[in-house]
Amino acid sequence: MVFDAEQFSRPSLEMAPLLLGSILSRDGVSVRITEVEAYLGESDPGSHAFRGITRRTSTMYGPPGHVYAYFSYGMHVCANVVCSPEGTASAVLLRGGEIVSGVAEARQRRTTARNDRDLARGPARLTRALGILLTDDTSDLNAAPFDLELAASPVIFMTGPRTGVAGVGGGINFPWRFWIPGEESVSPYRRHPRG
DNA sequence: ACGATGATAATCT
DNA sequence: GATTATCATCGTT
């Protein structure tokens, strides 16, 4: 046990900045988290759980400190940390990080990465570098093959609009993206044309 | 540096 | 059948 799962019984908006600087390991590769996004659940128009519980979102209603993994754009896996008590949907999407050990392993999984900076820059790249699959959905982060070490002390961070969220949930009314300023592994901000 | 585009499939309506 | 919490690649500055 490397963290107290009770810590994640709070809303994802509170947990998101605390995950910055934390180290997530899986199967020989360790990533220092540098960018995340908070999703509040049923009250959040940008959240998968906005329209209630479905087969996919049921994990977000599960116990905190577990993995919510979903399949995206036909070829990518993205990973969240479930927050809030069981029964309440809330999660923090892991958007990017820096490989701090197991670079060779990560490179084997991320053969298209041209440099080490790109190994885990972006949510789908991060899961790929760690070897996270759809079958890791609902996994406990306190048990093998995972290991999560929360940052010992709070980190300086910045906030802004969430990336890639369509509709009203993506506007500046929901500045729920958090990142460590100056980090190479933080994805550049992109404006998304909305038709 | 940035913008456009195709790839590709689980989930939901 | 539509939508999508994306990435790699190619083109242009």
Report the relative orientation of the aromatic rings in A/Phe157 and A/Phe178; use parallel for angles under 30°, tilted for 30 to 60°, perpendicular for over 60°. tilted
What's the closest nucleotide to the A/Arg51 side chain, out of B/dC12, C/dC7, B/dT13? B/dT13
Which one, B/dT11, C/dA8, C/dT6, comes nearest to the side chain of A/Arg95? C/dT6
Nucleotide nearest A/Pro123 when distance is taken to its side chain, options C/dT6, C/dA8, B/dT11: C/dT6
Between CG of A/Asp118 and P of C/dC7 the distance, given in whole Å, is 10 Å
Whole Å only: how far is the CZ atom of A/Arg128 from the P atom of C/dA8? 9 Å
By the 4.0 Å heavy-atom rule, please label A/Arg114 as base, sugar-phosphate, or nothing. nothing
Separation of A/Glu37 atom CD from C/dA5 atom C1', in whole Å? 6 Å
Donor-acceptor pair (no angle test) under 3.5 Å: A/Tyr70 side chain, C/dA5 base: yes
Rounded to whole Å, CZ of A/Phe71 lies from C1' of C/dT3 at a distance of 15 Å
Winner on side-chain proximity to A/Arg110, out of C/dT6, B/dT11, C/dA8, is C/dA8
Looking just at side-chain N and O atoms, do A/Arg56 and A/Ser58 make a donor-acceptor pair shorter than 3.5 Å? no
Looking for any heavy atom pair under 4.0 Å, which part of the strands does A/Gly169 touch: base, sugar-phosphate only, or nothing? nothing
Out of C/dT6, B/dA7, C/dA5, whichever nucleotide has its closest atom nearest the side chain of A/His48: C/dA5
Could you tell me the separation between the OH atom of A/Tyr73 and the P atom of C/dT3, rounded to a whole number of Å? 12 Å
When you get a sec, tell me which of B/dC12, C/dT6, B/dA7 is the closest nucleotide to the side chain of A/Thr54? B/dC12
In whole angstroms, the gap separating P of C/dA8 from NE2 of A/His76 amounts to 7 Å
Report the base-pairing partner of C/dT3 (Watson-Crick or G-U wobble, both distances below 3.5 angstrom), or none. B/dA10
Which nucleotide in the set C/dA5, C/dC7, B/dT8 lies at the smallest distance from any side-chain heavy atom of A/Tyr68? C/dA5
Heavy-atom count around A/Arg128 CZ within 6.0 Å, excluding the residue itself: above 12? no
Value in whole Å for how far the C1' atom of C/dA5 lies from CG of A/Asn80: 8 Å
Can you tell me if A/Arg125 touches the phosphate of C/dA8, counting only side-chain N or O atoms and a distance under 4.0 Å to OP1 or OP2? yes
Can you tell me how far P of B/dA10 sits from CG of A/Asp136, to the nearest Å? 17 Å
Hey, could you give me the CG/CG distance between A/Asn142 and A/Leu148, rounded to the nearest 0.5 Å? 7.5 Å
Could you report the tightest heavy-atom contact between A/Asp118 and A/Arg110, atom names first, then the distance? O-NH2, 3.0 Å
